[in-house]
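Data block below; observations after.
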Amino acid sequence: MPGSSLQALIRIIFARNPILCVELIQESIRIFQIIRRTHERTVTATKSAVTNVKEVIYMNKTKYFLFAIAIIAYLLAAQYFVEVLQKNAAATFEPFWYIIVHYTVYLILGAALGIEHIAHNRKKEGPWKFNFAKLLFAGIPIFIFNLTIYLYHQFQLPAYFVNWRNVEVATLILGYLVATCFYKQNVST
């Protein structure tokens, strides 16, 4: 058995050098005390970390809940404003402000959805940068696609050429894309 061979080894060491055996026992006790303190610190740190994670989760839930409420309030107010402008455009046959505000509403909403990216980058050190390649290769085609509504009203294009829902989604994506083009690159020292 492993325990009996260890006991036999301790007996041999104690028989030959009792002082060494006492020193080994003292060192073993010291090591066990260090292990116990380390374990207690680990348990305390783990409990503290769990508490911190719970607080962060609660704060994140609250933050996202408030963010959702703000987005819903924005959408309701914007929808009311856009409907008023749509009625005005239908009465006056001038859709310019309706189109501009309609684009702007969804562009701001997309940028608001990308605000977390900006907040995350705000904590980083270094200067702000702008990803022109991302805007050029993804943003410009979306912007051109969004011009279909303006071209439809300006040049009386066929009705099948334009779909408001696609334009709304594309404008939302464009707003998010513009917001996520801003970033900070960590400066390595």
Take atom [atom1] in [X]; do more than 12 heavy atoms of anything else shown fall under 6.0 Å from it?
X      : atom1 : value
Trp97  : CH2   : no
Arg122 : CZ    : no
Phe143 : CZ    : no

Taking every non-hydrogen atom, the tightest pair across [X] and [Y]:
X      : Y      : answer
Ala170 : Phe145 : CB-CD2, 3.7 Å
Val178 : Phe130 : O-CE1, 4.3 Å
Ile100 : Thr104 : O-OG1, 2.7 Å

Checklist entry - Please, which pairs that meet salt bridge (Lys or Arg N to Asp or Glu O under 4.0 Å) have at least one residue in residues 75-103, sequence neighbours excluded? => result none
Checklist entry - Does any non-hydrogen side-chain atom of His102 lie less than 4.5 Å from one of Ile99? => result no
Next on the checklist: Can you confirm whether Ile115 sits close enough to Phe67 that some side-chain heavy atom of one is under 4.5 Å from a side-chain heavy atom of the other?
Outcome noted: yes
Item to check | Inter-residue atom distance Tyr80.OH - Leu85.CG, 0.5 Å rounding | outcome: 10.5 Å
Checklist entry - What residues, two or more places apart in sequence or in another chain, satisfy side chain to side chain contact (heavy atoms under 4.5 Å, CB included) together with Leu109? => result Ile71, Tyr74, Leu75, Tyr106, Leu172
Next on the checklist: Just to verify, what does Ala111 make a side chain to side chain contact (heavy atoms under 4.5 Å, CB included) with, not counting sequence neighbours?
Outcome noted: Ala179
Item to check | Derivation of the side chain to side chain contact (heavy atoms under 4.5 Å, CB included) call for Asn131 and Tyr183 | outcome: CA-CA 8 Å; Asn131 190 347; Tyr183 67 97; 4.0 Å; yes
Hydrophobic clusters here meaning ILVMFWY residues chained together by side-chain heavy-atom distances under 4.5 Å, can you tell me if [X] and [Y] are in one?
X      : Y      : answer
Val105 : Phe81  : yes
Leu107 : Leu147 : yes
Ile144 : Val167 : no
Ile72  : Leu113 : no
Phe137 : Phe132 : no

Item to check | Worked verdict on Asn121 versus Lys124 for side chain to side chain contact (heavy atoms under 4.5 Å, CB included) | outcome: CA-CA 5 Å; Asn121 276 298; Lys124 293 181 180 177; 3.4 Å; yes
Checklist outcome for this item: Residues at least two apart in sequence or cross-chain that pass salt bridge (Lys or Arg N to Asp or Glu O under 4.0 Å) with Arg30, listed by chain then number, are Glu27
Checklist outcome for this item: Residue set satisfying salt bridge (Lys or Arg N to Asp or Glu O under 4.0 Å) with Arg36, at least two apart, ordered chain then number -> Glu40
Checklist entry - Can you name the side chain to side chain donor-acceptor pair (under 3.5 Å) partners of Lys134, sequence neighbours left out? => result Thr180
